[in-house]
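To start, the structure itself, in structure tokens.
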Amino acid sequence: GFPGGRREPSDKSNLCCAVRETSEELGLDLEQWGILLGKLSEVNTGWRSDRPEILVTPFVFQVKELPPLKPNQEVDDFVWVPLGFLMDPDNREPMEWEWKGQKMVTASYLYENNRIWGLSLIMIDELMQIIGD
């Protein structure tokens, strides 16, 4: 997953929301430590009728020097995944899961017992495509 949350009325833009949420959830001030590289495509999570539609606007920052992080109560853990691992298609593997009694198979990465799939994988795939080009 990625730091994020709902846009507050005080957020002037989706970018301001992303910067605020990163600060709240990780204690990382992107205005001080980050360099904005760009925005990825918005991802609509409303393809399922059993949950509300959410439009996710991902932003990509470069952080050259990382200060100590201070995760809040919303964060269970964080993992740094090397870019080279994500760019190697041999590291992708199928993941089986069950939804409404049916067996489903989707693409994923497994990095140090951490599964990357779903919305996170959609955003990572776009970033890897941009970097690869």
Side-chain angles (χ1 to χ4, degrees):
F2 297 88
R6 296 197 184 275
R7 186 171 166 178
E8 301 290 335
S10 60
D11 295 325
K12 294 180 182 174
S13 66
N14 289 340
L15 175 60
C16 291
C17 176
V19 169
R20 176 184 55 76
E21 286 285 344
T22 301
S23 177
E24 288 176 4
E25 292 182 14
L26 296 176
L28 175 60
D29 182 350
L30 289 172
E31 292 177 341
Q32 177 182 357
W33 296 96
I35 300 166
L36 177 63
L37 298 180
K39 178 179 91 114
L40 299 177
S41 300
E42 293 180 332
V43 182
N44 188 329
T45 66
W47 54 270
R48 284 184 22 195
S49 61
D50 63 333
R51 66 178 180 199
E53 179 178 51
I54 299 172
L55 188 62
V56 178
T57 307
F59 293 89
V60 178
F61 286 82
Q62 178 182 22
V63 178
K64 291 184 178 184
E65 181 183 343
L66 188 64
L69 300 180
K70 300 173 198 134
N72 72 6
Q73 74 283 352
E74 296 177 59
V75 178
D76 182 51
D77 198 4
F78 58 90
V79 177
W80 295 103
V81 180
L83 191 57
F85 178 87
L86 297 171
M87 293 189 76
D88 184 347
D90 290 337
N91 289 326
R92 290 177 80 100
E93 61 180 57
M95 181 188 88
E96 292 184 8
W97 55 292
E98 191 173 309
W99 185 58
K100 293 189 175 185
Q102 290 190 316
K103 183 174 136 182
M104 310 292 281
V105 179
T106 189
S108 73
Y109 289 104
L110 182 62
Y111 180 77
E112 296 182 352
N113 293 319
N114 297 283
R115 182 74 62 183
I116 302 168
W117 68 291
L119 185 61
S120 297
L121 184 60
I122 291 170
M123 294 184 287
I124 288 171
D125 279 349
E126 182 180 0
L127 180 59
M128 295 305 101
Q129 179 65 46
I130 292 167
I131 291 171
D133 289 345

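Just the heavy atoms: all of them, side chains too, but no hydrogens, waters or symmetry mates, feed the values below.
- Heavy atoms only, all atoms of each residue included: P58 and S41 are closest at CD-O, 3.4 Å.
- Here the closest heavy-atom approach between residue C17 and residue D11 is recorded as CB-OD2, 3.5 Å.
- Between the T45 side chain and the I54 main chain, a donor and an acceptor come within less than 3.5 Å of each other.
- Relative orientation of the W80 and F78 rings is perpendicular, given thresholds of 30° and 60° on the angle between their planes.
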>> Let's go through N14 and E42 carefully: what are the C-alpha distance in whole Å and the side-chain angles of both, what is the deciding distance for side-chain contact (heavy atoms from CB on, under 4.5 Å) to 0.1 Å, and is it a yes or a no?
In response: CA-CA 11 Å; N14 289 340; E42 293 180 332; 4.0 Å; yes

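- By the 6.0 Å contact criterion, CD on Q32 is enclosed, its count of non-hydrogen atoms from other residues, nucleotides or ligands being greater than 12.
- Without hydrogens or angle criteria, R7 side chain to K12 main chain gives a donor-acceptor distance under 3.5 Å.
- Of the possible donor and acceptor atoms, none in the side chain of S120 sits under 3.5 Å from a partner among the backbone N and O of I116.
- The heavy-atom pair separating G34 from V63 by the smallest distance is CA-CG2, 4.2 Å.
- Summarising the geometry, atom CD belonging to Q129 is positioned 9.0 Å from atom CG belonging to D125; distances are rounded to the nearest 0.5 Å.
- Applying the 6.0 Å contact sphere to CD of E31 captures no more than 12 heavy atoms from other residues, nucleotides or ligands.
- Taking the ring centre of Y109 as origin, the terminal cationic atom of R115 falls outside the region bounded by 6.0 Å and 45° from the ring axis.
- Taking every heavy atom of both residues into account, A107 and R92 meet most closely at CB-NH2, 3.3 Å.
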> Going through the checks in order, is the side-chain contact (heavy atoms from CB on, under 4.5 Å) test met by I130 and L40?
Replying inline: CA-CA 9 Å; I130 292 167; L40 299 177; 3.7 Å; yes

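- With hydrophobic clusters built from ILVMFWY side chains whose heavy atoms lie under 4.5 angstrom apart, L121 shares a cluster with I131.
- Linking ILVMFWY residues whenever their side-chain heavy atoms come closer than 4.5 Å, directly or via other members, places V79 and V60 in the same cluster.
- At a threshold of 4.5 Å between side-chain heavy atoms, the hydrophobic network of Ile, Leu, Val, Met, Phe, Trp and Tyr places L66 and L26 in one connected group.
- For the atom pair CG of L28 and OG of S23, the computed distance is 7.5 Å after rounding to the nearest 0.5 Å.
- With hydrophobic clusters built from ILVMFWY side chains whose heavy atoms lie under 4.5 angstrom apart, L110 does not share a cluster with L86.
- A salt bridge is absent between E25 and K70; no separation between the charged side-chain nitrogens and carboxylate oxygens falls under 4.0 Å.
- Judged as a side-chain hydrogen bond (donor to acceptor under 3.5 Å, both in side chains), and not counting sequence neighbours, D29 has no contacts.
- In plain terms, the two heavy atoms of Y111 and V81 that are nearest each other are CD2-CG2, 3.8 Å.
- Note that SG of C16 is 12.5 Å distant from CD of E8, once rounded to the nearest 0.5 Å.
- Between the CG atom of L37 and the NZ atom of K39 there is a distance of 15.0 Å, given to the nearest 0.5 Å.
- Contact of the E98 side chain with the M104 side chain is not registered, since no non-hydrogen atoms from C-beta on lie closer than 4.5 Å.
- Between E24 and N72, the shortest heavy-atom contact is O-ND2, 2.9 Å.
- Under a hydrophobic clustering in which Ile, Leu, Val, Met, Phe, Trp and Tyr are joined whenever their side-chain heavy atoms come within less than 4.5 Å, directly or via other members, V19 and L36 fall into the same cluster.
- In this structure, OG1 on T106 lies 7.0 Å from CH2 on W117, to the nearest 0.5 angstrom.
- Taking a 4.5 Å side-chain heavy-atom cut-off between Ile, Leu, Val, Met, Phe, Trp and Tyr, the cluster of L55 contains only that residue.
- For the 3.5 Å distance criterion, the side chains of E53 and N44 qualify, holding a donor opposite an acceptor.
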> Can you list the steps and then say if I35 with F61 is a side-chain contact (heavy atoms from CB on, under 4.5 Å)?
Replying inline: CA-CA 5 Å; I35 300 166; F61 286 82; 5.9 Å; no

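- The line from CE of M128 to CG of D88 is 12.0 Å long, rounded to the nearest 0.5 Å.
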>> Run M123 and L127 through side-chain contact (heavy atoms from CB on, under 4.5 Å) and show every step you take.
In response: CA-CA 6 Å; M123 294 184 287; L127 180 59; over 6 Å; no

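- With hydrogens and angles disregarded, no donor-acceptor distance shorter than 3.5 Å links the side chain of N91 to the backbone of P89.
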